[in-house]
Asker: 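To start, I am sharing the structure in question, which I have written as structure tokens.
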Amino acid sequence: MFNYVTMSKKVYIGCGAGFAGDRYDASIPIVEDFKSINEPKYLMFEVLAERTLAIAQQYRINDNTKGYSPYLDYYIKPVLEDCLEHKIKIISNMGAANPLGAAKRIVEIAKEKNIRKPKIAVVLGDDILNYMSEKDILNSPTMEGLDIKNSKITAANVYLGAFPIANALKKDVDIVIVGRSVDSALALGPLIHEFDWDAKNLNMLSSGTICGHLLECGAQVTGAYFADPGFKDVPDLFNVGFPIAEFHENGDFFITKPKNTGGLVNKATITEQLLYETHNPNEYIVPDVVADMSKLNLLEKEPNKVLVKGAVGHKKPELLKATICSESGFMGEAEMSYAGPNALQRAKLAIEVIEKRIQKIGLQGKTRFDIIGAGSVHFSSSEENTYNNELDGDYRIRSAGFFENKEDAEQFVAETYSLYCSGPSAGGGARTSITKETSTASILIDRNIVEPQIKIEII
Amino acid sequence: MFNYVTMSKKVYIGCGAGFAGDRYDASIPIVEDFKSINEPKYLMFEVLAERTLAIAQQYRINDNTKGYSPYLDYYIKPVLEDCLEHKIKIISNMGAANPLGAAKRIVEIAKEKNIRKPKIAVVLGDDILNYMSEKDILNSPTMEGLDIKNSKITAANVYLGAFPIANALKKDVDIVIVGRSVDSALALGPLIHEFDWDAKNLNMLSSGTICGHLLECGAQVTGAYFADPGFKDVPDLFNVGFPIAEFHENGDFFITKPKNTGGLVNKATITEQLLYETHNPNEYIVPDVVADMSKLNLLEKEPNKVLVKGAVGHKKPELLKATICSESGFMGEAEMSYAGPNALQRAKLAIEVIEKRIQKIGLQGKTRFDIIGAGSVHFSSSEENTYNNELDGDYRIRSAGFFENKEDAEQFVAETYSLYCSGPSAGGGARTSITKETSTASILIDRNIVEPQIKIEII
Amino acid sequence: MLHKIKLPVHSIAHGRAGDKGDVSNVSLIAYNKFGWENIRENATEDIVLSIFKHLGATSVKRYELPNLMALNFVVQNALGGGVNSSLRLDRHGKTLSSYLLYHLILNVSLDMMPNNSPYREKFK
Amino acid sequence: MLHKIKLPVHSIAHGRAGDKGDVSNVSLIAYNKFGWENIRENATEDIVLSIFKHLGATSVKRYELPNLMALNFVVQNALGGGVNSSLRLDRHGKTLSSYLLYHLILNVSLDMMPNNSPYREKFK
């Protein structure tokens, strides 16, 4: 039997952020744990949502030193010095629309903190607007999302795989910055590099991908987004430890979390995260492999440490997925509360007033109305909800609408705000907002178009 | 007995807006009705909330042509031509921090619409920063609001009365624009002018003030903000008619609404509005009179037409109220929904997580947490609510906090947003916002300081 | 004497809330003279203060308008600092009228109610 | 055979929802093998589709992971257009797991539940 304690080369990967709004201090306990580990160790930050890139592109167009993650400083500053000192390599997609700019900013942070200049590799090539015509992009087969034929493209990026990250690590760098990559590649890249896997090690690539998939949402694998008090309790959720993977050369790995943190790692937390954003678990497709989860086994070896084994890999896809962003007008949202006796009926009347006003003033746009407190996230206001609600109580109406022009969105939210004087009795607490919207679509591109364009630059 | 139909000189006053966010098209049915009336007729727009002036001052500082109501165009454009043509005089506090700028903008609108240039009177003198030192302001006795001794003042305006408006009307103008005035003066001013009242006609000034008070919130007197379905029904609320006062020379007046509109005018709707924002009804204090509502009688003369009589007036006050605005940091607000089984417990855990995180990261600021759907507008999350709620259902947590610095407010809302990955199970629909806050205080000033400063300019 | 049952004052009166600084005023207006006699007698300053206590209210002053069958309650410090410094969702306290209408429980008889009141069902 | 009562699947399983475009996936993971047998047999594509129908779902594909006692449902068109075009408060459909856990009602026996389940009270 494989002895996980003594026989194996091990690689440690911690995840310090699972999305753009994740906690800025989450990586500190991981770094503390890593200080006493002598094996190769990596810290990944996943901070790039689908729509983020369109916004980032806009920042870059306005100022060519910007366009990387606006949260870069928050994530990097608390740990940069310790990472450099203790040889913890950072892998992140903080590059967003400007990976070179992100690298330069990290060098600046090092200078500001008076610590040694980090050596940073930057992976380029995900921005297909640099090498595909808008026409070729719009004529590509679409996978999901809206029809993009008539869109003004604001960003178009292909999801790169893990080999560019592995190749970047060969240059003996401290940090690798990418733009758009599949999230799991932030873990698979270091594993390919450390274990020297090639593209044919399909089961290994699959296990590394599944490991990355489990890590990529931060604490979602260590008990966060899991707690359901009384049913699924999680200790000290406020202090949840972000995940650490201990990956062994035989392809098995453990998921655990730092010392002195809250949270929970067990089969249940792992299984929830394993299936998160997974469709067919036998065919989890990334650029490097098609991962098969169907033979996976989970073993709770010790408290908060689970062994994951049994990943199987199939041949990598010929087509790569790219996300196309385009502008899609404005969303107006507005809310108003009704409480006390007969509140539900007053809330319903308020919505009736708004709907008839929209009709009267001839506002064109897709709209939706909810009553918060009466099943709003599962039912719109025009549906019977299936929860137990009383007429009396606390209800908050919400109006939402998409409009091509900002002015129409403003007029739309004004129709909720004006309920202060012109609505049913005793409405209070109005709030309104207007958001510029981006729509996205996914297309498929032949990988032979993409691969020659991938480049690594050293900063 | 006084014959309201034949004997009396009558003045008509309609109200086209009761607050800054009121419906932009509300005045149109009033203007339509007024076209067939030959007596003097006025259209008032009340659009100036307490805090609005601080924001308007900032606009003016940035651009000295701005600082009037940002909604001016919306309210004026639909009716300017008809008002000029049919001798409907407009009285409004759209001037905000720049009454002259407002008048100039209206002249521009007339030019854009290719209609005759309106003659506009502008009342100046409410901005006490022009003639009182910051020290004198801060040392004035405070009436209500926070201690202002250590504040940076962003706006300071005294509430003017109705005589300046009446004096302005003597100049045979089409429009009178003011900055800060008591709202009821927008109606009392024209009445003083038309009936030639002097400062000693206390009962008349009182009746005109009460008339203005009933009109100043727009449709709040004609059935809006009144409806409670099944208990207090209002026909066609979405199409509510804004109010019209028909004021007679004996001091009595009717409140009614335009033809072909929804809404309701009866003793109940009038009484609700009469007491709205009223403290002692025997002493409703404005600069021109202390109005006494205690002898008022309401008579429903015909459907949607109520006679108001019996106003008594007492001697005007020696001190005038002024509102001081100052900057007071930033408010962060953020929300996240939990629904379905055990949703209330998950919502409560989410708030526990945020509170402990705030403590852990050492964020200083006043905070509050609510659960919307569980009595949020009447109870904070730390209180037992007295409505019937089930554990299962639809709950939305809300975190709110005041902070001196924007960065702290951002960190605060991030602690709710990060629940997406780090909170209890199945939270959804996060929204965050940061608002720059203004605090206000009321002070009292000797009217002899103010009155010599009041000026009328004709544009 | 008519049969009475305990009901929220919502059954016999309506009202509206307004704000000035940290002072809220809440009106209570009877639908008819029987309801008016009830609220005039029983909607006291003390009971209204006790209802708004948890919101921070420190005192309540009541004004009567018999001609209009209306009471006006002026409630000090119930707005969490007032519209500019309150962290409440409803910074103006505009929903406080509903709060009083729901939480002030009175002994109510049928003659105090409007003819079409849904509360009449409670007497069946 | 153990006594069974109708309960939400929340009593014997947990899950999480994810989104990609307008496609939602909702996992359903049994707490133990008895619960697993129940959901494997009764949480069918048809019944899950009927539960998500009102949200616009057009089809449901079910995947099984027996090793993990887990099902994965891939639900088409249940997100009102997906995160970028949905007008829903919860644009990602992250609360849809709760919706399934509450609305899928199964015949449940005590042996399918975790030892500390509050649902055990229902059997008393």
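In the text below, chain A, chain B and the rest are named by the order of the sequence lines, each starting its count at 1. Please read all numbers here as calculations on a predicted model, not as lab measurements.
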Asker: Considering only heavy atoms, which portion of Glu335(B) lies under 4.5 Å from any heavy atom of chain A: side chain, backbone, both, or neither?
Answerer: side chain
Asker: Flag the one option from Val234(B), Leu237(B), Asp22(B) with the top tally of heavy-atom pairs under 4.5 Å to chain A.
Answerer: Leu237(B)
Asker: Can you tell which part of Gln359(A) gets under 4.5 Å to a heavy atom of chain B, answering side chain, backbone, both or neither?
Answerer: neither
Asker: Between Gly340(A), Gly428(A), Gly429(A), Gly218(A), which residue shows the highest count of heavy-atom pairs closer than 4.5 Å to chain B?
Answerer: Gly340(A)
Asker: Measure Ile354(A) against the heavy atoms of chain B and call it side chain, backbone, both or neither at under 4.5 Å.
Answerer: neither
Asker: So, do Lys257(A) and Pro243(A) sit near enough that their side-chain heavy atoms are less than 4.5 Å apart?
Answerer: no
Asker: Is there a salt bridge (Lys or Arg N to Asp or Glu O under 4.0 Å) between Arg357(A) and Asp25(B) once you walk through the steps?
Answerer: CA-CA 11 Å; Arg357(A) 280 284 302 170; Asp25(B) 56 359; 3.0 Å; yes
Asker: Would the distance check show the side chain of His378(B) and the main-chain N or O of Gly393(A) forming a donor-acceptor pair, the cut-off being under 3.5 Å?
Answerer: no
Asker: Please examine the side chains of Arg398(B) and Phe369(B), heavy atoms only from C-beta on, and report whether any two atoms are closer than 4.5 Å.
Answerer: no
Asker: For chain B, find which of Ser422(A), Gly427(A), Ala224(A) contributes the most heavy-atom pairs closer than 4.5 angstrom.
Answerer: Ser422(A)
Asker: Under a 4.5 Å heavy-atom cut-off, does chain B meet the side chain of Glu410(A), its backbone, both or neither?
Answerer: side chain
Asker: If you count heavy atoms of other groups shown closer than 6.0 angstrom to CG of Asn260(B), is the number above 12?
Answerer: no
Asker: Side chain from CB out, backbone as N, CA, C, O: work out which of these in Tyr417(A) comes under 4.5 Å of a heavy atom of chain B, or both, or neither.
Answerer: both
Asker: Side chain, backbone, both or neither: which part of Lys232(A) has a non-hydrogen atom closer than 4.5 Å to chain B?
Answerer: side chain
Asker: Relative to chain B, which segment of Gln411(A) carries a heavy atom at a distance below 4.5 Å: side chain, backbone, both, or neither?
Answerer: side chain
Asker: Taking every heavy-atom pair that is under 4.5 Å apart, which of Phe19(B), Phe379(B), Phe226(B) has the most such pairs with chain A?
Answerer: Phe19(B)
Asker: For the residue pair Leu214(B) and Leu274(B), establish whether any side-chain heavy-atom pair is separated by less than 4.5 Å.
Answerer: yes
Asker: Name the option with the most non-hydrogen atom pairs under 4.5 Å to chain A; the candidates are Ala426(B), Cys217(B), Ala17(B), Gly262(B).
Answerer: Ala426(B)
Asker: Contact part of Glu407(A) toward chain B, heavy-atom cut-off under 4.5 Å: side chain, backbone, both or neither?
Answerer: neither
Asker: Top residue by heavy-atom pair count (under 4.5 Å) with chain A, among Ala339(B), Ala430(B), Gly423(B)?
Answerer: Gly423(B)
Asker: Could you tell me whether a side-chain N or O of Asp183(B) sits under 3.5 Å from a main-chain N or O of Glu216(B), the two making a donor and an acceptor?
Answerer: no
Asker: Contact part of Ile372(A) toward chain B, heavy-atom cut-off under 4.5 Å: side chain, backbone, both or neither?
Answerer: both
Asker: Is the closest side-chain heavy-atom distance between Phe330(A) and Thr435(A) below 4.5 Å?
Answerer: no
Asker: Verify, without hydrogens or angle tests, whether Arg346(A) (side chain) and Ser425(A) (backbone) share a donor-acceptor contact under 3.5 angstrom.
Answerer: yes
Asker: Verify the distance criterion only: is there a donor paired with an acceptor across the side chains of Asn239(B) and Lys360(A) at less than 3.5 Å?
Answerer: yes
Asker: Is Tyr24(A) in contact with chain B via its backbone, its side chain, both, or neither, using a 4.5 Å heavy-atom distance?
Answerer: side chain
Asker: Could you tell me how the ring of Tyr71(B) sits relative to the ring of Tyr75(B): parallel (under 30°), tilted (30 to 60°) or perpendicular (over 60°)?
Answerer: perpendicular
Asker: Given a strict heavy-atom distance threshold of 4.5 Å, which part of Tyr338(B) is in contact with chain A: side chain, backbone, both, or neither?
Answerer: neither
Asker: Can a donor-acceptor pair be found, under 3.5 Å and without considering hydrogens, that links the side chain of Thr222(A) to the backbone of Gly241(A)?
Answerer: yes
Asker: Which atoms of Phe242(A) come close to chain B, meaning under 4.5 Å heavy atom to heavy atom: side chain ones, backbone ones, both, or neither?
Answerer: side chain
Asker: Among Ile361(B), Asn342(B), Val240(B), which has the most heavy-atom pairs under 4.5 Å with chain A?
Answerer: Asn342(B)
Asker: Is a salt bridge present between Asp394(A) and Arg396(A), judged by a nitrogen-to-oxygen distance below 4.0 Å?
Answerer: no
Asker: Relative to chain A, which of Cys421(B), Ala227(B), Pro424(B) shows the most heavy atom pairs under 4.5 Å?
Answerer: Cys421(B)
Asker: So which residue, Glu355(A), Lys356(A), Gln345(A), Arg23(A), ends up with the most heavy-atom pairs under 4.5 Å with chain B?
Answerer: Arg23(A)
Asker: Which bit of Glu333(A) is near chain B, if near means a heavy-atom gap under 4.5 Å: side chain, backbone, both or neither?
Answerer: side chain
